[in-house]
Amino acid sequence: MAKVKKEKISIGNDGIYDARKLGTPKMLVLGFQHMFAMFGATVTVPLLTGLDISTTLLFAGLGTLLFHCLTKFKVPAFLGSSFAFIGGYLAVAPLQDGKGNKELLPYACLGVACAGLLYLILAAVIKIVGISRVMKLFPPVVTGPIIMAIGLGLAPSAISNCKQNWTLALIALVLIIVFNIFGKGMVKIVPILLGIIGAYAVAAVVGNGFGVESFAVDFSGVKEAAWIGLPVDWNSTVFGGVRDSGTAISAIIAIVPIALATMMEHIGDVSAISATCNKNFISNPGLHRTLLGDGLATVMASLFGAPANTTYGENTGVLALSKVYDPRVIRIAAYFAVAFSICPKFAAVIESIPVAIVGGISFVLYGMISAVGVRNVVDAKVDFSKSRNTIIAAIILVLALGSDGISFAIGSANISISALATASVVGIILNMILPGNDYVFKMEGKKETEKTKHANEADAK
């Protein structure tokens, strides 16, 4: 492999598309930052459902690597735990005394694995009929508000976490802003990592050193955790835990419809990553490939007892903040996730980070996602003087942020479709039936700058 000459770090409006110029140590730090960004939300899903954290980390990493293989190593996306399926897990396997139902969780995982297969069907449809026809259903007037809703929908959780200790949250937030705006070189592109470390250090010193209880960090879990542990329990997998066909069928019926929401979310996320990186990943490597990667990663993770995977908005926020768009950095984060999945001690350290600090960094990241949605609409020059466009955007935002989605019963199974999925479907239908739909999907994507042109040429090679 040809050596890549290291250059002085200089970030223009186009960002960095080849992180090798930064050198291996800095790439490792960038990858670590991405792992930190996804960690809080990723481990929250097993905490809420009873799934295993180590298994979750393992398949977040492996799923991300599989996704990158299937997307020709072009898309800088990290696949973490999907929140969309939490309701499905709890419907099939309700918590018992606050703990996971180990007997029924494998059935829920089977349902999620079957939901992942729907991604493959949609990917095949896109491949057969063509991306242009499919994307006619997803113009920027639909995807832009959906992206905004993804970020704004996560905002309450950021505020809720910040409320645990606003001082710590503001310390993390201020550090991120200072490092990103006034930092030079490497400091400017790892503000999330530095913000976490700085706020964590303050919490440990003030809380544990000076006895301020509201700042204290609980290290008991770190002391008790083992250094090495197996990340997968066979009895928690679909292969070892599913024995009753009736329960399995009920779980599949209850969970599979949730894929309607996650597929819409996937399209929104890929659009957001494309807008962030100034590359059209929907056309190259293609939406059918990103759906295939996300779907197969979800199937693989679920079969082995991990949560469903999804492209992570938190990491898109890091891309927008750091302006380092090289997928290699995301793969480094995936390698870290796999490595740390066999180290319960590390997982315990991350879990010891005060919730308020997570809220502080989420404050920025979730807002960045919504800002990318605004950029998506602006770059596409959506004409909001047209009533149809205003109506579509308005209804999507109100449904996504103000409704509770749709719930109905099929036999004994209760089906719930999230507010985001409901808003997406309604937006798509309105775009189809309202007159004046003149959107044409451009395969060549945005006009390339000199840097992105060279980056695309390198990708083609």
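Quick note: numbers below take in every heavy atom, side chains included, and nothing from hydrogens, waters or symmetry partners.
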Could you tell me whether the side chain of [X] and the main chain of [Y] form a donor-acceptor pair under 3.5 Å?
X    : Y    : result
S160 : P156 : no
N389 : V141 : no
Y17  : C277 : yes
H68  : A77  : yes
N180 : L321 : yes
S370 : L152 : yes
K345 : I228 : no
T56  : A306 : no
T55  : P231 : yes
S274 : F281 : yes

Please walk me through it: do F215 and T167 pass side chain to side chain contact (heavy atoms under 4.5 Å, CB included)? CA-CA 9 Å; F215 280 70; T167 303; 3.6 Å; yes

Return the [atom1] to [atom2] distance between [X] and [Y], rounded to the nearest 0.5 Å.
X    : Y    : atom1 : atom2 : value
D294 : L79  : CG    : CG    : 5.0 Å
I131 : N284 : CD1   : CG    : 11.5 Å
I353 : L168 : CD1   : CG    : 11.5 Å
L291 : L122 : CG    : CG    : 5.0 Å
I282 : L287 : CD1   : CG    : 6.0 Å
S341 : L62  : OG    : CG    : 7.5 Å

Does anything in residues 212-228 pair up under salt bridge (Lys or Arg N to Asp or Glu O under 4.0 Å), and if so which pairs, sequence neighbours excluded?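 Qualifying pairs: none.
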
Check the pair L118 / V256 against side chain to side chain contact (heavy atoms under 4.5 Å, CB included), numbers first and verdict last. CA-CA 8 Å; L118 290 187; V256 164; 3.6 Å; yes

Taken in chain and number order and not counting sequence neighbours, the residues that satisfy side chain to side chain donor-acceptor pair (under 3.5 Å) with D269 are T311

Does T237 have any side chain to side chain donor-acceptor pair (under 3.5 Å) partners at least two apart in sequence or in another chain, and if so, which?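 Expected list: none.
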
Evaluate the side-chain proximity of [Y] to [X]: yes if any heavy-atom separation is below 4.5 Å, no if none is.
X    : Y    : value
P140 : K381 : no
L296 : L70  : yes
P307 : T49  : no
F340 : M35  : yes
V112 : Y89  : yes
N208 : F219 : yes
P354 : N165 : no
I159 : F363 : yes

Who pairs with D326 by salt bridge (Lys or Arg N to Asp or Glu O under 4.0 Å), at least two apart in sequence or on another chain? R328

Do you know which two heavy atoms are closest between [X] and [Y], and how far apart they sit?
X    : Y    : answer
P344 : A225 : O-CB, 3.7 Å
L137 : V142 : O-CG2, 4.4 Å
T42  : A60  : CG2-CB, 4.5 Å
G195 : I176 : CA-CG1, 4.2 Å
P46  : S81  : CD-OG, 4.4 Å
T316 : T276 : CG2-OG1, 3.7 Å

Just jot down the ring pair (Phe, Tyr, Trp, His ring centres under 6.0 Å) partners of F32, sequence neighbours excluded, or say none.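 With sequence neighbours excluded, F32 shows a ring pair (Phe, Tyr, Trp, His ring centres under 6.0 Å) to F36, F336, given in chain and number order.
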
If you apply the rule side chain to side chain contact (heavy atoms under 4.5 Å, CB included), what do you find for F67 with T290, and how did you get there? CA-CA 7 Å; F67 176 88; T290 63; 4.0 Å; yes

As a quick check of understanding, evaluate side chain to side chain contact (heavy atoms under 4.5 Å, CB included) for H34 and L319, giving each step before the final call. CA-CA 9 Å; H34 271 285; L319 291 174; 4.0 Å; yes

Which residue pairs satisfy the ring-ring contact (aromatic ring centres under 6.0 Å, His included) criterion with at least one member in residues 291-323, sequence neighbours excluded?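 Listed once each, the pairs are F59-F304, F239-F304.
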
